[in-house]
Amino acid sequence: MFERTLAIIKPDGVRSLVIGEIIRRYEQSGLIPIAIRLTQLTKEQAKAFYQVHCNQPFFNDLTSFMSSGPIVVLALEGEGAILRHRDLMGATDPSKAAEGTIRKAFGASIDFNVVHGSDAPETAGKEIEFFFTDSDLYSRTE
Ligand code: ADP
Ligand code: MG
């Protein structure tokens with residue numbers, strides 16, 4: 001299925017200067033960027049974005065980290081984009097991520113795991129809307 005997904009290069013990825021390397025991996029696996037922005041979330045925005053995790057013990061640390069510096073947000077498009085992007089990212093905990101994945105290569109720990117990716121079509125739609133309006137999206141299919 002042709003899909004869109006939201007990717008975030010988290011503050012640790014931006015700080016360690018791997019934006020280019022990560023976007024190269026997206027492009028080389030057929031995940032085409034159709035919108036890109038460097039931005040910084042407020043703590044409130046980070047809490048809204050990660051609302052689904054609001055009862056988790058890591059919620060405060062996660063939202064502080066996500067608002068601690070600039071991030072790069074991308075909408076990616078491609079065949080099976082949501083799962084393909086999750087495969088490319090690797091497991092949430094970098095120490096458990098497969099060889100060759102982004103989190104294995106650049107993630108320091110489960111708290112600092114470099115990238116975010118949508119996990120299903122409904123969340124992908126909502127997460128893309130969180131950052132982009134329709135006129136920001138430059139689909140190749142339109
Ligand atoms: P993913 O980012 O792989 O979809 P989740 O949606 O479960 O993972 O969690 C969102 C983010 O919350 C993770 O990327 C990670 O930064 C953080 N997180 C998840 N689980 C933990 C945990 N047990 N301890 C600390 N941080 C966590
Ligand atoms: Mg998730």
Side-chain angles (χ1 to χ4, degrees), residues 1-134 136-141:
M1 205 193 310
F2 201 73
E3 290 175 330
R4 291 175 176 179
T5 191
L6 185 84
I8 302 178
I9 303 174
K10 296 183 177 183
D12 53 340
V14 173
R15 265 181 218 124
S16 54
L17 305 179
V18 290
I19 295 171
E21 170 61 24
I22 292 171
I23 294 177
R24 186 187 68 79
R25 289 176 182 228
Y26 297 154
E27 291 181 324
Q28 288 198 336
S29 70
L31 294 171
I32 305 304
I34 59 168
I36 303 183
R37 183 157 76 248
L38 184 84
T39 187
Q40 181 163 355
L41 294 173
T42 64
K43 173 83 172 174
E44 287 310 308
Q45 288 171 325
K47 284 162 75 174
F49 183 77
Y50 278 113
Q51 195 53 42
V52 63
H53 295 302
C54 67
N55 292 320
Q56 297 293 331
F58 55 81
F59 184 64
N60 187 54
D61 285 350
L62 171 64
T63 53
S64 291
F65 166 58
M66 287 301 290
S67 57
S68 68
I71 58 175
V72 174
V73 287
L74 304 95
L76 304 174
E77 192 175 71
E79 197 56 40
I82 296 170
L83 266 183
R84 204 128 55 84
H85 180 221
R86 296 290 306 192
D87 284 346
L88 206 60
M89 287 164 58
T92 306
D93 183 345
S95 70
K96 300 192 176 115
E99 279 307 325
T101 61
I102 293 169
R103 283 170 164 169
K104 180 72 173 184
F106 306 117
S109 67
I110 196 165
D111 302 277
F112 305 110
N113 61 3
V114 189
V115 279
H116 167 85
S118 308
D119 59 9
E122 308 76 60
T123 46
K126 282 190 199 145
E127 289 179 358
I128 289 171
E129 275 178 25
F130 188 93
F131 288 103
F132 300 111
T133 61
D134 280 349
D136 293 326
L137 304 170
Y138 294 87
S139 177
R140 292 202 169 181
T141 60

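In what follows, every heavy atom counts, from backbone to side chain, and hydrogens, waters and symmetry copies are set aside. In this chain, numbering begins with 1 at the start of the sequence shown.
For E122, there are no salt bridge (charged side-chain N to carboxylate O under 4.0 Å, His left out) partners, not counting sequence neighbours. The side chain to side chain contact (heavy atoms under 4.5 Å, CB included) check on L83 picks up nothing, with sequence neighbours excluded. Partners of K10 under the side chain to side chain donor-acceptor pair (under 3.5 Å) rule, at least two apart in sequence or in another chain, are N113. Checked against salt bridge (charged side-chain N to carboxylate O under 4.0 Å, His left out), E99 has the following partners two or more places apart in sequence or in another chain: K104. Every residue two or more places apart in sequence or in another chain was checked for a salt bridge (charged side-chain N to carboxylate O under 4.0 Å, His left out) with R15, and none qualifies. Listed by chain and number, the residues in a ring-ring contact (aromatic ring centres under 6.0 Å, His included) with F65 are F112 (sequence neighbours excluded). Applying the salt bridge (charged side-chain N to carboxylate O under 4.0 Å, His left out) rule to R84 yields no partners; only residues at least two apart in sequence or on another chain are considered. The side chain to side chain contact (heavy atoms under 4.5 Å, CB included) search around E27 returns I23, P33, not counting sequence neighbours. The side chain to side chain contact (heavy atoms under 4.5 Å, CB included) test applied to I34 returns R4, A75, E77, L137, not counting sequence neighbours. In terms of the ring-ring contact (aromatic ring centres under 6.0 Å, His included) criterion, residue partners of F49 (sequence neighbours excluded) are, by chain and number, H116, F130, F131. In terms of the side chain to side chain contact (heavy atoms under 4.5 Å, CB included) criterion, residue partners of D119 (sequence neighbours excluded) are, by chain and number, R86, T123.
In summary, the side chains of S64 and D61 do not present any donor paired with an acceptor at a separation below 3.5 Å, with no hydrogens or angles considered.
Q40 CD to Q45 CD: the interatomic distance, rounded to the nearest 0.5 Å, is 9.5 Å. Atoms CD1 and CD1, from I71 and I8 in turn, are 5.0 Å apart once rounded to the nearest 0.5 Å. The structure places CD1 of I128 at 10.0 Å from CG of D134, a figure rounded to the nearest 0.5 Å. Summarising the geometry, atom OG1 belonging to T5 is positioned 8.5 Å from atom CE belonging to M89; distances are rounded to the nearest 0.5 Å. For the atom pair L88 CG and I22 CD1, the distance stands at 9.5 Å (nearest 0.5 Å).
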### Message
For L62 and Q56: C-alpha separation, side-chain torsions, deciding distance, then whether side-chain contact (heavy atoms from CB on, under 4.5 Å) applies.
### Response
CA-CA 10 Å; L62 171 64; Q56 297 293 331; over 6 Å; no
### Task
Go through the steps to decide whether K126 and E129 satisfy the test salt bridge (charged side-chain N to carboxylate O under 4.0 Å, His left out), and finish with yes or no.
CA-CA 5 Å; K126 282 190 199 145; E129 275 178 25; over 6 Å; no
### Task
Could you check T92 against R103 for side-chain contact (heavy atoms from CB on, under 4.5 Å), going step by step and ending with a plain yes or no?
CA-CA 8 Å; T92 306; R103 283 170 164 169; 4.0 Å; yes
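Contact detail for A81 and E3: the closest heavy-atom pair is N-OE1, 3.2 Å. Here the closest heavy-atom approach between residue R25 and residue A105 is recorded as NH2-CB, 3.9 Å. Closest heavy-atom contact between T101 and D87: CG2-O, 3.5 Å. Closest approach of D12 to V114, counting heavy atoms only: OD2-N, 3.1 Å. Of all non-hydrogen atoms in T63 and N60, the two that sit nearest each other are OG1-O, 3.2 Å.
Using a 4.5 Å cut-off on side-chain heavy atoms (C-beta onward), Y26 and I102 make contact. Between L41 and Y50, the closest side-chain pair of non-hydrogen atoms is not below 4.5 Å. A heavy-atom distance below 4.5 Å is found between the side chains of L6 and F132.
Residue pairs meeting the salt bridge (Lys or Arg N to Asp or Glu O under 4.0 Å) criterion with at least one partner in residues 40-56, sequence neighbours excluded, are E44-K47.
Each of S16, S67, P70, S68 was evaluated against P11; a single residue qualifies, S68, per the side chain to side chain contact (heavy atoms under 4.5 Å, CB included) test.
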